[in-house]
Amino acid sequence: MHLAQLRQPLTRAAANSCHSVCRLPTTHSSVSAAAILSEQFAHLRIGPTSSNVAVEGRRYASVKAQGAYRLKPKRTIPKKLGAKKTGDQYVIPGNIIYKQRGTLWHPGENTIMGRDHTIHAAVAGYVKYYRDPQLHPDRQYIGVVFNRNDKLPYPKDAPRKRKLGLVAVPRKVEEVEKPTMSASGLPLFVTRHEAIEIPPPAVTTPAAAGKAVKGQGARVSASGAAAVPASNSTISASASSNSNNGGSSVIAELIKEKLAARAEYNARQSALRKLQQQKMLARRGTRVLRLMNNYSYRETNWEIGRLIGDPGSVPGTEKVGSRKAKFRARRRRRNTFLLGIKERKLAKADRREEYRRRVREKREQRLVQRKEFLAKQREAKKAREGGAAAEKSEKKEVKAEKPAAAAAPKVEAKKAEKPKAPEAAKKESKPKVEEKKAAAAEPKKDSKTEKKD
């Protein structure tokens, strides 16, 4: 605070403080109050140009320290939302362009939006606020362009603009030749090979395999796996027994082919093992001696350890192949086993479906046969009913013909007689009717009299 701002309150303070000291007489009217005050200020060394630290005082912090906000009541920590960069302002990747709650503005060309809806610049360039009716009719976007004069949005089919700052240059790959000689003229390494002859793999033919199998055989189970070695006598005995049973030659030939194929496979596997063993010996016999700092040649430690093998194992005794190869072989065997299970299940399902299909076909066939049988029965029944009706009609016709033939002569006889007068015939017929009624009434009277007696 400057002295000029403290002049008026200090004037009052000085006047009050020196009131008792000055004791100005009332008679000295010529001496003004302003002159007296100037004298007192001069005595205190206070003036418009002079400064005094004691009078000015020290300014202390009016806000709490340690980075905490000192907020008024009913106020919250400011969120500081809104635009942080204006249009055509230069930004670099990561700069905040707009902070918002919700998507008032959407990210456009060369911009990204964070999880709190803050829009950042993805490239170095100039900020542009724009609308894109083709992309959305109501949304407003914020983008970044490389040239200040560019306008967003770009045309729909325009090529994409990127600022990579790179030039396509064909890459030259230079193969660095490893030095073979040292500065003193000595070779850096010396390779020593042991002369080990690797025989060519033996090719086994089915005929040779058959000759090899002549002296030995094996009993083959129903599933095709060899169970117990067998001699020629057992094979011949089984063949002779099968010949007696009627299926001799076919089964014997199948057994021989199976044994020959197994012998050929075993021969191939043994030849492959021998070849791998020879290769391993040749690899072990190859020694690479390298030049050391003391001008001596020796093998490196890792090569020596490679020749020795794993701890606790003797080189050459274990099966040739890496640990991963063993895992692959085990996985292959397991997959083959599971595939066999799957194939057997599928075959079983196919057999079941085939059985169901045959059952359905038989059922349909039986239904068709039953329908045909019922139709034949109905036709036979209709035929029988038609024959019976014809017989009945014939009988009726015959019966009708007989009374007609019997009544014909009577009718002719009646016609031959003379006709009576109708009145006389009626008189004659009346007494006859009366006689019949009387004859019918007489026995009834007799039965009543008997009951009374």
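Arg148 places a side-chain N or O within donor-acceptor distance of the main-chain N or O of Asp88, the cut-off being under 3.5 Å. Distance alone, capped at 3.5 Å, places no donor-acceptor pair between the Arg131 side chain and the Pro137 backbone. Side-chain N or O atoms of Gln89 include none that pairs as donor or acceptor with a backbone N or O of Val127 at under 3.5 Å. Between the side chain of Lys85 and the backbone N or O of Tyr126 there is no donor-acceptor pair closer than 3.5 Å. With Gln140 contributing its side chain and Leu104 its backbone, the two residues share a donor-acceptor pair below 3.5 Å. With hydrogens and angles disregarded, a donor-acceptor distance shorter than 3.5 Å links the side chain of Asn110 to the backbone of Val144.
At most 12 heavy atoms of other shown residues, nucleotides or ligands fall within 6.0 angstrom of atom CG in Asn293. The number of heavy atoms from other shown groups lying within 6.0 Å of CZ (Phe189) does not exceed 12. Dense packing is recorded around CZ of Arg358, with more than 12 heavy atoms of other residues, nucleotides or ligands lying under 6.0 Å away. The local environment of CZ in Arg330 is sparse, with at most 12 non-hydrogen atoms from other residues, nucleotides or ligands closer than 6.0 Å. No more than 12 heavy-atom neighbours from other residues, nucleotides or ligands sit within 6.0 angstrom of NZ on Lys342.
Side-chain contact between Tyr297 and Pro187 is present, with at least one heavy-atom pair separated by less than 4.5 Å. Looking only at side-chain heavy atoms (C-beta outward), Gln377 and Phe373 come within less than 4.5 Å of each other.
For the atom pair NZ of Lys79 and NZ of Lys99, the computed distance is 11.0 Å after rounding to the nearest 0.5 Å. Separation of atoms OG1 (Thr118) and CZ (Arg101) is listed at 6.5 Å; rounding is to 0.5 Å. With rounding to the nearest 0.5 Å, the separation of CD in Gln100 from CE in Met113 is 7.0 Å. A distance of 9.5 Å separates NZ in Lys161 from CZ in Phe146, rounded to the nearest 0.5 Å. Taken from CE in Met181 to CG in Leu291, the straight-line distance is 10.0 Å, to the nearest 0.5 Å. We find the CD1-CG distance between Ile341 and Leu338 to be 5.5 Å, quoted to the nearest 0.5 Å.
At a threshold of 4.0 Å, the pair Arg378-Glu385 does not count as salt-bridged, since none of the basic side-chain nitrogens sits closer than that to a carboxylate oxygen. Under the 4.0 Å criterion applied to side-chain N and carboxylate O atoms, Glu264 and Arg268 are assigned as salt-bridge partners. Note on Glu361 versus Arg357: salt bridge recorded, some NZ/NE/NH1/NH2 to OD/OE distance being below 4.0 Å.
Between Trp105 and Tyr98, the angle of the ring planes lies from 30° to 60°, which puts this pair in the tilted group. Relative orientation of the Tyr141 and His106 rings is tilted, given thresholds of 30° and 60° on the angle between their planes.
Nearest heavy atom pair, residue Pro179 against residue Leu188, reads O-CD1, 3.1 Å. Listed here is the closest heavy atom pair of Pro93 and Ala122: CB-O, 3.8 Å. Scanning both residues, Ser270 and Ala267, for their nearest heavy atoms gives OG-O, 2.7 Å. Tyr295 and Ser184 make their closest contact through CE2-OG, 3.7 Å (heavy atoms, listed as atom of the first residue, atom of the second, distance). Across all non-hydrogen atoms, the minimal contact from Leu152 to Gly143 is CD1-CA, 3.9 Å. Heavy-atom minimum distance, Tyr130 versus Glu109: OH-N, 3.2 Å.
When each of Ile96, Val91, Ile97 is paired with His120, the side chain to side chain contact (heavy atoms under 4.5 Å, CB included) condition holds for Ile96 and for no other.
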